[in-house]
Amino acid sequence: ETGVTQTPRHLVMGMTNKKSLKCEQHLGHNAMYWYKQSAKKPLELMFVYSLEERVENNSVPSRFSPECPNSSHLFLHLHTLQPEDSALYLCASSQDQGLNEKLFFGSGTQLSVL
Amino acid sequence: QKEVEQNSGPLSVPEGAIASLNCTYSDRGSQSFFWYRQYSGKSPELIMFIYSNGDKEDGRFTAQLNKASQYVSLLIRDSQPSDSATYLCAVYSARQLTFGSGTQLTVLP
């Protein structure tokens, strides 16, 4: 495996379900990110982890809970979501943060909340 | 509130023409600038980055930065149908990377 891999590719869940998104990066990068992409809206940063420490939590509702057990793996735990949470969720990694923050994205999870 | 603005398009150009994509940003202290390409149903892919005023060329792509006017452009020379995608501008300032909504480009054969 190379690059950034995300599973699952598609997810349909009810508002009472609990599910998790998984991301793994094989690039040896130091930072990992969760982004949300909704139709016709800019990419929204949700969480940033640098060397396994959360450095950014962009006012995301508590029904989204990230976990970063090591520098290669990132999870997004979902519970009691709302229909407006339906979107493409993208994981990304970068070698550096800051001026040189070049992101490598995974293929994304298309989430539908019913 | 830092803003990054792009025309949503769609922008249509004939094959072989130059496609010009523009991006303006609100924070005068912005320090680095990125262009991502996103094919339909795929994730964004970094294609260009620029830090200093002026032009930066990479193959058929040229990024242009004008900090005084607060805009950054992406030129695609000899456009091909395979360049049809949404192009996202991203600007780094004050410890945050902000994306624009993207410009949809269609290159007509």
Side-chain angles (χ1 to χ4, degrees), chain A residues 2-10 21 23-25 27 29 31-50 53-60 74 87-112, chain B residues 1-11 21-27 29-53 56 58 61 63 65 67 72 85-104:
Chain A
T2 58
V4 181
T5 57
Q6 276 186 254
T7 55
R9 291 295 303 275
H10 302 275
L21 310 184
C23 177
E24 182 174 0
Q25 60 101 355
L27 300 168
H29 286 169
M32 296 188 75
Y33 310 74
W34 282 115
Y35 276 88
K36 176 183 179 182
Q37 188 173 38
S38 304
K40 305 300 183 185
K41 292 179 67 176
L43 279 168
E44 300 174 51
L45 177 63
M46 300 176 72
F47 303 103
V48 181
Y49 278 82
S50 178
E53 296 290 326
R54 189 191 309 182
V55 297
E56 187 77 37
N57 178 349
N58 229 16
S59 302
V60 178
L74 186 64
L88 180 66
Y89 289 83
L90 290 162
C91 174
S93 70
S94 67
Q95 178 60 44
D96 301 309
Q97 280 192 284
L99 295 180
N100 204 31
E101 194 166 298
K102 300 170 188 169
L103 300 175
F104 289 76
F105 287 91
S107 53
T109 296
Q110 187 65 54
L111 174 67
S112 296
Chain B
Q1 180 75 16
K2 303 177 189 64
E3 294 183 351
V4 176
E5 300 287 342
Q6 297 181 254
N7 287 329
S8 61
L11 172 67
L21 305 162
N22 299 314
C23 173
T24 60
Y25 57 94
S26 62
D27 185 356
S30 298
Q31 298 165 292
S32 51
F33 308 84
F34 305 86
W35 283 99
Y36 288 82
R37 177 178 61 199
Q38 186 172 22
Y39 292 115
S40 179
K42 302 294 186 181
S43 58
E45 172 192 15
L46 179 66
I47 56 172
M48 287 289 287
F49 56 92
I50 186 167
Y51 304 129
S52 304
N53 272 332
K56 178 182 178 181
D58 183 1
F61 298 102
L65 176 60
K67 287 189 175 181
V72 55
T86 297
Y87 290 81
L88 308 177
C89 172
V91 176
Y92 183 84
S93 66
R95 301 180 60 203
Q96 184 173 341
L97 188 66
T98 302
F99 281 84
S101 299
T103 298
Q104 184 181 344

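Heavy atoms only: backbone and side chains are in, while hydrogens, waters and symmetry mates are out. Below, read A as the first sequence line, B as the second, and so on, with proteins coming before strands; counting in each chain starts at 1. Small disclaimer: the values here were computed from a predicted structure and weren't measured.
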Interatomic spacing from NZ in A:Lys40 to CD in B:Gln104 - rounded to 0.5 Å: 6.0 Å

Using a 6.0 Å cut-off, check whether atom CG of B:Asn7 has over 12 heavy atoms from anything other than its own residue. no

Evaluate the side-chain proximity of A:Tyr35 to B:Leu97: yes if any heavy-atom separation is below 4.5 Å, no if none is. yes

Does the side chain of B:Tyr36 come within less than 4.5 Å of A:Leu103's, by heavy atoms? yes

If I measure from the heavy atoms of chain A, does B:Glu5 come under 4.5 Å with its side chain, its backbone, both, or neither? neither

How close do B:Gly41 and A:Arg9 get, counting heavy atoms only, and between which atoms? O-NH2, 4.4 Å

Counting only N and O atoms by type, is there a donor-acceptor contact under 3.5 Å from the side chain of B:Ser43 to the main-chain atoms of A:Gly106? yes

Sort A:Phe104 into side chain, backbone, both or neither according to what part of it lies under 4.5 angstrom from a heavy atom of chain B. neither

Identify the heavy atoms of B:Tyr51 and A:Leu99 that sit nearest to each other, and give their distance. CE2-O, 3.4 Å

Heavy-atom distances under 4.5 Å only: say whether A:Leu43 touches chain B with side chain, backbone, both or neither. both

When A:Lys41, A:Gln97, A:Glu44, A:Gln37 are compared by non-hydrogen pairs under 4.5 Å with chain B, the top option: A:Gln37

If we define contacts as heavy-atom pairs under 4.5 Å, which of B:Ser8, B:Ala90, B:Ser101 has the most with chain A? B:Ser101

Show the nearest heavy-atom pair for residues B:Phe49 and A:Lys102, with the distance to one decimal. CZ-NZ, 3.2 Å

